[in-house]
Structure formats: C-alpha cells, structure tokens
Amino acid sequence: MTPWEVAVAQADVAGHLILYTQVAIAKKTRVRGVLPGPDAAPTVRIAVGRRKAVVGEFRAVYEIPLFRQDEALSPWEAVSLVRHEVGEVRFRSSGQMDDVLGTPLVRLSGVVPGAERLEDRAHTLLTTLSCPPPSFEERESAGSLLVGFLYLSRDRMRLYVCHQDAPGVVACDVRLAEAGPAVIAEVFSRSQERELLEEPGGGTLTAWRCWT
C-alpha cells in the first residue's frame with residue numbers, strides 16, 4: 001500500500017467515527033480518539049472511554065489493520081469490531097497487548113464478528129445525501145436537497161426531498177436493509193420523476209408527492 005492509500009483509508013474510518021464522540025459506540029463508551037499507526041503502518045488506532053475521558057483515562061486503544069487482502073477496511077467494520085470488543089471480557093496473549101498513552105493497546109485481527117446495524121445504514125444514507133456539508137450559498141444553488149427525514153419503523157425511513165425546479169416536497173420511503181449505494185444514488189433522481197403515483201410503503205424505494 002502507498003502512504004496515500006493508507007491515509008485515504010485512515011481518513012475514511014476517522015470521518016465515520018466522529019459520530020461516536022457524541023453518542024456511545026457501545027454501552028456508555030465513546031470514541032475519544034482516532035490515531036494513525038506508528039511509522040505510517042497500515043493500521044488505525046481507536047481510543048475509547050467514558051464521555052469525558054482524556055489521555056491517561058481511556059479504557060483501551062484498539063489497533064486494527066486498515067487492509068485485508070488488499071481491500072480497505074470499511075468504516076462500519078471498524079465500528080463493529082470496537083462494539084464487539086467493548087461488549088466482551090476476554091483474555092489475550094502478550095503478543096496482542098502493549099501500552100500506549102498510558103492505556104492498554106489491544107491489537108485486533110480485523111476479523112469482523114458482527115453485521116452492520118440498521119441505524120448504521122440510516123446514518124450512511126443520511127450523511128451521503130447531505131455531505132459534504134455545503135455552505136449556505138451552495139445550498140441555494142443546489143439542484144436537489146434533503147430537507148428532512150423520519151423513522152417510519154425500525155427498518156424503514158422516509159426522506160423529504162426538494163428540487164429547485166419543482167414546487168413542493170417529495171417523500172421517498174426507503175427500506176434500510178436494502179439501502180445500498182445503488183438505492184442511495186436513486187433518491188434524488190427517483191424523486192424528480194414527473195408522475196409520482198406509487199403508494200408509499202412498498203418496495204425498496206418509493207417516492208410520492210408530499211404536498212405542493
């Protein structure tokens with residue numbers, strides 16, 4: 001891996017973990033730091049602890065490989081690993097343990113034990129449609145905007161979309177379990193169709209005129 005490929009993978013994980021500085025990643029544990037590997041090693045180090053923990057007070061620092069068989073670690077794999085480790089009590093060999101910042105350093109294999117949660121899918125959906133956050137002026141000139149969202153049920157979310165060249169708001173219902181990149185890419189285009197006659201609540205993605 002080139003140094004830049006390592007930096008890109010590191011930035012991807014760091015950007016997603018910002019969310020967990022404000023909300024718990026597991027139990028009452030939050031992310032309190034995301035560090036690059038030593039000497040540009042292709043690893044990421046994730047410090048966790050209580051809400052106000054600072055250096056010297058962290059619960060642990062988890063070191064995770066950024067690549068497996070030349071494929072970059074996805075941010076949600078990192079989240080899943082940390083959740084699993086925080087929720088388990090386990091014994092480790094001396095080769096898996098070290099010390100950094102006065103905190104136990106735990107080296108993880110990168111094998112992901114858990115699946116992506118629906119709330120993770122929802123976060124990806126919303127941030128993809130809203131990010132990178134534009135300035136107010138950029139929002140004024142944008143062709144389409146996500147202006148709201150609502151959880152309809154545990155596995156379904158409604159997105160409220162406005163288009164500059166059309167009056168009113170269009171609602172798009174998305175099934176979170178199937179909200180992959182292809183579905184996300186369709187939200188703005190599907191909501192621009194001239195005739196929106198589908199009944200809300202059916203299929204992976206449906207769009208209908210909310211009000212005009």
Side-chain angles (χ1 to χ4, degrees), residues 1-135 176 179-181 184:
M1 300 300 159
T2 68
W4 187 246
E5 287 174 323
V6 172
V8 169
Q10 168 86 23
D12 198 23
V13 172
H16 279 71
L17 290 181
I18 289 171
L19 168 67
Y20 299 101
T21 64
Q22 297 297 308
V23 300
I25 193 167
K27 299 182 177 179
K28 295 184 179 181
T29 301
R30 300 193 186 194
V31 171
R32 300 298 292 160
V34 179
L35 312 171
D39 301 321
T43 59
V44 61
R45 291 180 170 183
I46 302 169
V48 299
R50 306 279 292 189
R51 182 171 64 89
K52 295 182 179 181
V54 294
V55 171
E57 302 172 347
F58 300 146
R59 172 174 173 168
V61 176
Y62 297 111
E63 183 177 277
I64 305 172
L66 280 170
F67 297 90
R68 270 198 321 277
Q69 298 178 344
D70 294 334
E71 289 192 9
L73 177 79
S74 82
W76 295 118
E77 288 176 320
V79 170
S80 181
L81 273 166
V82 173
R83 280 178 179 155
H84 182 74
E85 294 301 317
V86 168
E88 297 283 339
V89 176
R90 62 186 75 245
F91 296 99
R92 301 187 181 280
S93 67
S94 58
Q96 292 178 290
M97 301 293 296
D98 209 329
D99 184 87
V100 65
L101 301 174
T103 304
L105 173 70
V106 183
R107 295 186 176 90
L108 304 179
S109 67
V111 177
V112 180
E116 184 180 4
R117 299 180 182 180
L118 289 179
E119 56 264 37
D120 298 336
R121 285 289 183 101
H123 179 259
T124 298
L125 175 68
L126 295 172
T127 53
T128 300
L129 293 172
S130 299
C131 292
S135 65
L176 292 174
I184 294 173

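Below, each value reflects all heavy atoms present in this structure, side chains not excepted, and no hydrogens, waters or symmetry copies.
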Expected output: side-chain Glu57 to main-chain Val54 donor-acceptor under 3.5 Å: yes
Main-chain N/O of Val86 paired with Arg59 side-chain donor or acceptor, under 3.5 Å: yes
Tell me the side-chain hydrogen bond (donor to acceptor under 3.5 Å, both in side chains) pairs involving residues 25-40, sequence neighbours left out? none
Taking all non-hydrogen atoms of both residues into account, name the closest pair between Val6 and Ala40 and its distance. CG1-O, 4.4 Å
Say you draw a straight line from CG of Leu81 to OG of Ser109; how long is it, rounded to the nearest 0.5 Å? 7.0 Å
Going by side-chain hydrogen bond (donor to acceptor under 3.5 Å, both in side chains), name the residues that satisfy it together with Thr124, two or more places apart in sequence or in a different chain. Trp76
On a heavy-atom basis, the closest approach of Thr43 and Pro38 is OG1-CD, 4.3 Å
Is any side-chain heavy atom of Val79 less than 4.5 Å from a side-chain heavy atom of His16? no
Near Asp70 CG, under 6.0 Å, is it more than 12 heavy atoms from other residues, nucleotides or ligands? no
Which salt bridge (Lys or Arg N to Asp or Glu O under 4.0 Å) pairs, counting each pair once, include a residue from residues 45-55, with sequence neighbours left out? Arg45-Glu63
In sequence, state the C-alpha distance, the side-chain angles, and the governing distance for Val34 and Gln10, and then conclude on side-chain contact (heavy atoms from CB on, under 4.5 Å). CA-CA 9 Å; Val34 179; Gln10 168 86 23; 3.7 Å; yes
Hey, what do you get for CD1 (Ile46) to CG (Leu17), rounding to the nearest 0.5 Å? 5.0 Å
For a quick test of reading the model, state the closest non-hydrogen atom pair linking Tyr20 to Ile25 and the distance between them. CD2-CA, 3.6 Å
With side chains defined as the heavy atoms from C-beta onward, is the minimum distance between Leu35 and Leu101 less than 4.5 Å? yes
